[in-house]
There are 2 protein chains.
Amino acid sequence: MSQMHSVEKQLRQMILGLEIGPGEKLTERWIESRFGASRTPVRAALLRLETEGLVGRDGRGWTVSPINLAELEQIAVYREAVEVAAVRLTCSLADRSAIDVIEAMLESCDNDTPREEWHRVGMDFHIELARLSGNEFLFRAVRDAMTRLSRARWLEVRDEAALSRAWAEHRAILAAARRGDADEAARLLSVHIVGSRDRLVTSLANDRRGLRARGFAVVAA
Amino acid sequence: MSQMHSVEKQLRQMILGLEIGPGEKLTERWIESRFGASRTPVRAALLRLETEGLVGRDGRGWTVSPINLAELEQIAVYREAVEVAAVRLTCSLADRSAIDVIEAMLESCDNDTPREEWHRVGMDFHIELARLSGNEFLFRAVRDAMTRLSRARWLEVRDEAALSRAWAEHRAILAAARRGDADEAARLLSVHIVGSRDRLVTSLANDRRGLRARGFAVVAA
DNA sequence: TGCACCATCTTGGTATCCCAAATTGGTATC
DNA sequence: GATACCAATTTGGGATACCAAGATGGTGCA
């Protein structure tokens, strides 16, 4: 038998990994047969994924949420608010030694690290940084925002220059946080998030035609 | 037959209205018979309410989330981040005429307004103010935070002095926002949220014994 | 040939049944 | 009298049967 949250995890994996394209229709029966589960766990999974914004109701049926450029821009504003608050909180803590763990995480990526790993670590940087604040709500907010951004970020990972720039910015943010310079850390983080958003939205707007050709629904800003 | 989200709405109402006490055990079978629905919609309702933080899993069963003082303090920090970001965003908008609607909402409360109405308007002030920002994520964050605070806030409503103070602060925030003074609006809002948290936590810590006597679970900070 | 209407199938929503695990209450033993 | 163990009931999780509404496609009439 499958583990408890198996349907949910596997389905989320397929959606986040773009194995099921943004905008695709989903039927409970298809998921049921695909994962060998019955409708009860399928429905639970869909309800959870709905709150994560990964699937939505399309009239009567279910749809994998399209990539929404307007939403990406709004998320950037939201992230800026919560991540800046989190890093400021972290800077005010006495023990900031856990920052080293995040630094190590960044350093674990080198030239022969697979794309998936860069993608994951790029998100985990922000999530773990928020976790350091000790505030559960700021942490969850960042984690949920990164989940929503996850699919769009596959594109950024393909750009070497953007990646090394992002990593440099990540290191600079950590350095400021480590010495407790809240203002500088906040400033760098803001710049990073806004820049990241710009690159992402531009890149998506350019690739939009190609993405649609692959069957990925991309909603304009 | 009952409407689609009837179980969820009614159950949420009972929890938020303290008709079911914080910390109480819930069984799917009880909810089923109580609302005349079957288990499927009951489970959907529980899953949704779980993401709202109103119910939680207690081993195998379900429990109405206790009032958690530590959580209230963390929510205040979270609120401060998102509400301040929202009001700053609103101040940067050209058309801030919708502020008048919120002002009118505040003025609709007078001496012979029932408690429930003060309670609701006190929350809607923050929710509607966040909505003005036009950012869906900031709005949802504030709405969810207020939902989580809702039960604890029943206590504050009993304190006349605290209420009139809160209303004065609300008006001052609106005034600053109306003239586009983002820094002042942000400052006033921060002060309001922190003060509100202090009064709430103090009040709850004092009433804790009484609340427990009524069967309400209150978890210390 | 084109359009409207009807039969059929699909789909999500609901109700009910089954099961495994855990809680509970009682009893027997030390 | 306390405790350990066992049975029975309760409970949530999963599976399945059923239903009403909507989509679909085919057919017949104009």
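In what follows, chains are A, B, ... by sequence order, proteins preceding strands, each numbered from 1. All of these numbers come straight from a predicted model, not from anything done at the bench.
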What is the nucleic acid contact for B:L26, judged by heavy atoms within less than 4.0 Å: base, sugar-phosphate only, or nothing?
-> sugar-phosphate
Identity of whatever pairs with C:dT29 - Watson-Crick or G-U, under 3.5 angstrom | D:dA2
Would you mind reading off the distance between A:W30 atom CH2 and C:dG12 atom P, rounded to a whole angstrom?
-> 13 Å
Kindly say whether B:G21 contributes a backbone atom to a donor-acceptor pair with the side chain of B:E24 at under 3.5 angstrom?
-> yes
B:E8 CD - C:dT14 P separation (whole Å) | 12 Å
Could you give the CZ-to-P distance, from B:F35 to C:dA15, as a whole number of Å?
-> 14 Å
Check: D:dG12 base within 3.5 Å donor-acceptor of B:R57 side chain = no
A:E32 CD to D:dG14 C1', in whole Å, measures 11 Å
To the nearest angstrom, how far is B:L47 atom CG from D:dG13 atom C1'?
-> 11 Å
Gap between atoms CD1 and P, on A:I31 and D:dA15 respectively (whole Å) | 14 Å
Ignoring backbone atoms, test whether A:S38 places a side-chain nitrogen or oxygen under 4.0 Å from the OP1 or OP2 oxygen of D:dG14.
-> no
Heavy atoms under 4.0 Å, any strand shown: does B:T40 hit a base, just sugar-phosphate, or nothing?
-> base
Among C:dC18, D:dA15, C:dG12, the one nearest any side-chain atom of A:P41 is D:dA15
Indicate, yes or no, whether a donor-acceptor pair under 3.5 Å links the base of C:dG12 to the side chain of A:R29.
-> yes
Contact summary for B:A76 and B:I193, nearest pair of heavy atoms | O-CG2, 3.6 Å
Exercise: do B:H126 and B:R143 side chains pair donor with acceptor under 3.5 Å | no
How is A:L46 classified with respect to the nucleic acid when contacts are heavy atoms under 4.0 Å: base, sugar-phosphate, or nothing?
-> nothing
In whole angstroms, the gap separating P of D:dT10 from NZ of B:K25 amounts to 17 Å
Between B:M123 and B:S150, the two heavy atoms sitting closest are SD-CB, 3.7 Å
Do you see a donor-acceptor pair shorter than 3.5 Å between the side chains of A:S97 and A:D95?
-> yes
Donor-acceptor pair present, B:R43 side chain and D:dG13 base, under 3.5 Å = yes
Can you tell me the distance, in whole Å, between the CD atom of A:E50 and the C1' atom of C:dG13?
-> 14 Å
With respect to the side chain of B:R39, which nucleotide from C:dG12, C:dC17, D:dA15 is positioned closest?
-> C:dC17
